[in-house]
Amino acid sequence: MDEELLTIGAFAARARLSAKALRLYDRLGLLVPAHVDEVSGYRYYRASQTGRARLVALLRQLDMPLSLVADVVGAEGAEASDRLTAYWADVETRVAGQRTLAEYLRGRLSGRSSDMYGKFVVETVDVAEQVVITETRHTLADELPPWIEASLNRLECAARECGGVTGAPFVVYHAEVSMESDGPAESCVPVADEAAARAWAEARGRSWDTKVRVEPAQRLAYTRITKAQVAHPQILAAFEAVEQWMAEQGLRHAGPCREVYFADWEAAGPQDAVCDVAFPVR
């Protein structure tokens with residue numbers, strides 16, 4: 001036997017991994033043995049593979065999914081570093097939002113809900129009548145963020161044929177969106193030319209379940225939240241805070257709740273304000 005080859009047990013000990021993990025990494029193509037005996041099926045590894053094995057193990061300690069681990073270890077130099085950086089930025093965004101939710105839930109469970117609601121500043125704003133082009137979809141919570149991004153991009157592109165965008169895009173929730181309830185949700189982009197919008201929808205909108213409607217002038221009760229707080233389920237705390245404030249002020253619902261996106265999402269950091277959580281009120 002070539003002296004440079006190690007049995008799976010010896011290599012596992014050197015790499016500080018279990019034989020079970022090595023078999024899994026082999027099946028996924030993350031760490032393929034240097035040699036597999038055709039008769040016995042035994043796996044053998046080279047000592048030089050130890051560095052890759054430890055890198056895989058360290059990335060897994062960051063709770064990185066195996067598919068992303070494969071992308072990182074398969075890249076080279078700066079590209080591998082950039083992929084890790086992108087993954088960790090997503091983790092920090094999620095954790096920042098979860099921290100906010102945890103603070104809110106601790107207050108709610110301890111009977112200090114009013115203190116937690118106080119972390120959200122709720123105000124009202126009057127919004128003028130506006131023509132909007134919309135796209136509607138039944139979607140669960142895990143599918144919602146990519147659909148919002150894609151649908152708003154499509155509508156903003158379409159707005160060029162409808163006189164241009166005249167206000168912040170928003171998403172209306174006609175029913176709850178969660179892992180059990182699929183809405184529907186409606187993406188909306190205000191546009192300048194109602195006639196052009198109706199012509200566009202008639203010609204192209206049916207495949208996207210797109211409509212044109214006039215949003216009436218209305219008053220919104222809203223709270224402004226950061227990019228980190230937008231993530232589900234953290235955003236639920238903001239919705240509840242606005243509803244609690246409405247009850248305290250004696251205001252009633254005058255329409256479905258919504259999220260108004262007024263900032264450049266891609267350029268914003270986790271703590272930058274990007275969205276208003278709002279309810280039409282009367």
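The analysis underlying the following values was restricted to heavy atoms, covering all of them including side chains, and did not include hydrogens, waters or symmetry mates.
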### Task
Kindly say whether Pro280 contributes a backbone atom to a donor-acceptor pair with the side chain of Arg258 at under 3.5 angstrom?
no
#### Entry: Heavy-atom closest contact (Leu28 atom, Leu66 atom, distance)
CD1-CD1, 3.3 Å
### Query
What pairs with Arg160 under side chain to side chain contact (heavy atoms under 4.5 Å, CB included), at least two apart in sequence or on another chain?
Cys157
### Query
Taking only residues at least two apart or on different chains, which pairs with a member in residues 261-282 satisfy ring-ring contact (aromatic ring centres under 6.0 Å, His included)?
Phe239-Phe279, His253-Phe279
### Nearest non-hydrogen partners of Arg52 and Gly29, listed with the distance
NH2-O, 4.3 Å
#### Entry: Nearest-0.5 Å distance that lies between atom OG in Ser187 and atom CD in Glu259
9.5 Å
#### Entry: Other ILVMFWY residues reachable from Leu220 by side-chain steps of under 4.5 Å
Val125, Val127, Tyr222
### Query
Are any of the side-chain heavy atoms of Phe11 and Leu5 separated by less than 4.5 Å?
no
### Summary
Exactly one candidate in Asp71, Asp63, Val69 meets side-chain contact (heavy atoms from CB on, under 4.5 Å) with Tyr87; the answer is Asp63
### Message
Measuring only between side-chain heavy atoms, which start at C-beta, is Glu215 closer than 4.5 Å to Cys188?
### Response
no
### Task
Return the minimal non-hydrogen interatomic distance between Thr136 and Pro184, and the atom names on each side.
CG2-CB, 3.8 Å
### Query
With hydrophobic residues grouped by side-chain heavy-atom distances under 4.5 Å, do Leu17 and Val72 end up in a single group?
yes
### Atom pair CD (Glu176) and CG (Leu236), whose distance is rounded to the nearest 0.5 Å
7.5 Å
### Message
Could you tell me if the side chain of Pro33 sits less than 4.5 Å from the side chain of Gln49, heavy atoms only?
### Response
no
#### Entry: Pairs satisfying ring-ring contact (aromatic ring centres under 6.0 Å, His included), at least one member in residues 127-174, at least two apart
none
### Glu240-Gln244 side chain donor-acceptor pair, cut-off 3.5 Å
no
### Counterpart residues, side-chain hydrogen bond (donor to acceptor under 3.5 Å, both in side chains), relative to Thr93 (two or more places apart)
none
### Query
For the residue pair Val132 and Pro190, what are the closest heavy atoms and their distance?
CG1-CA, 3.8 Å
### Task
Please round to the nearest 0.5 Å and tell me the distance separating atom CD1 of Ile235 and atom CD1 of Ile225.
4.0 Å
### Query
Are the side chains of Thr50 and Tyr45 in touch, meaning some heavy atoms are under 4.5 Å apart?
no
### Message
Checking Ala268 now: which residues fulfil side chain to side chain contact (heavy atoms under 4.5 Å, CB included) with it, not counting sequence neighbours?
### Response
Lys227, Asp272, Val274
### Query
Are any of the side-chain heavy atoms of Lys211 and Glu186 separated by less than 4.5 Å?
no
Identify all side-chain donor-acceptor contacts of residues 53-60 below 3.5 Å with residues at least two apart in sequence or on another chain.
| unit_1 | atom_1 | unit_2 | atom_2 | d |
| --- | --- | --- | --- | --- |
| Arg54 | NH2 | Arg14 | O | 2.7 |
| Arg60 | NH1 | Met64 | O | 2.7 |

#### Entry: Gap separating the CG atom of Leu24 from the CG atom of Leu31, nearest 0.5 angstrom
10.5 Å
## Note on the structure
Across all chains, not counting sequence neighbours, the side-chain hydrogen bond (donor to acceptor under 3.5 Å, both in side chains) partners of Arg94 are Gln98
### Message
Same cluster or not: Val36 versus Leu22, using hydrophobic residues (I, L, V, M, F, W, Y) connected whenever any side-chain heavy atoms lie under 4.5 Å apart?
### Response
no
### Message
Just to verify, what does Arg198 make a side chain to side chain contact (heavy atoms under 4.5 Å, CB included) with, not counting sequence neighbours?
### Response
Glu194, Val212, Val214
### Joint cluster assignment, Val172 & Leu155, ILVMFWY side-chain distance < 4.5 Å
no
## Note on the structure
Hits for side chain to side chain contact (heavy atoms under 4.5 Å, CB included) against Ala21, two or more places apart or cross-chain, chain-then-number order -> Ser18, Tyr25
### Task
Report the distance from atom CH2 of Trp88 to atom CG of Leu62, rounding to the nearest 0.5 Å.
5.5 Å
#### Entry: Flag side-chain contact, heavy atom, 4.5 Å: Arg43 against Asp26
yes
### Message
On a heavy-atom basis, which atom in Arg282 and which in Ala254 lie closest, and how many Å separate them?
### Response
NH1-CA, 3.4 Å
### Message
Tell me the closest heavy-atom pair linking Val122 and Thr223, and the distance in Å.
### Response
CG2-CB, 4.2 Å
### Task
Give, for atom OH of Tyr44 and atom OG1 of Thr7, the distance between the pair rounded to the nearest 0.5 Å.
7.5 Å
### Query
With hydrophobic residues grouped by side-chain heavy-atom distances under 4.5 Å, do Val277 and Val230 end up in a single group?
yes
#### Entry: side-chain hydrogen bond (donor to acceptor under 3.5 Å, both in side chains) partners of Arg219, counting only residues at least two apart
Asp126
### Those residues that, when tested against Ser40, pass side-chain hydrogen bond (donor to acceptor under 3.5 Å, both in side chains) (two or more places apart)
Asp37
### Query
Does Glu92 reach the side chain of Val95, with side-chain heavy atoms less than 4.5 Å apart?
no
### Message
Do Leu84 and Leu68 land in one hydrophobic cluster if side-chain heavy atoms of ILVMFWY residues count as linked below 4.5 Å?
### Response
yes
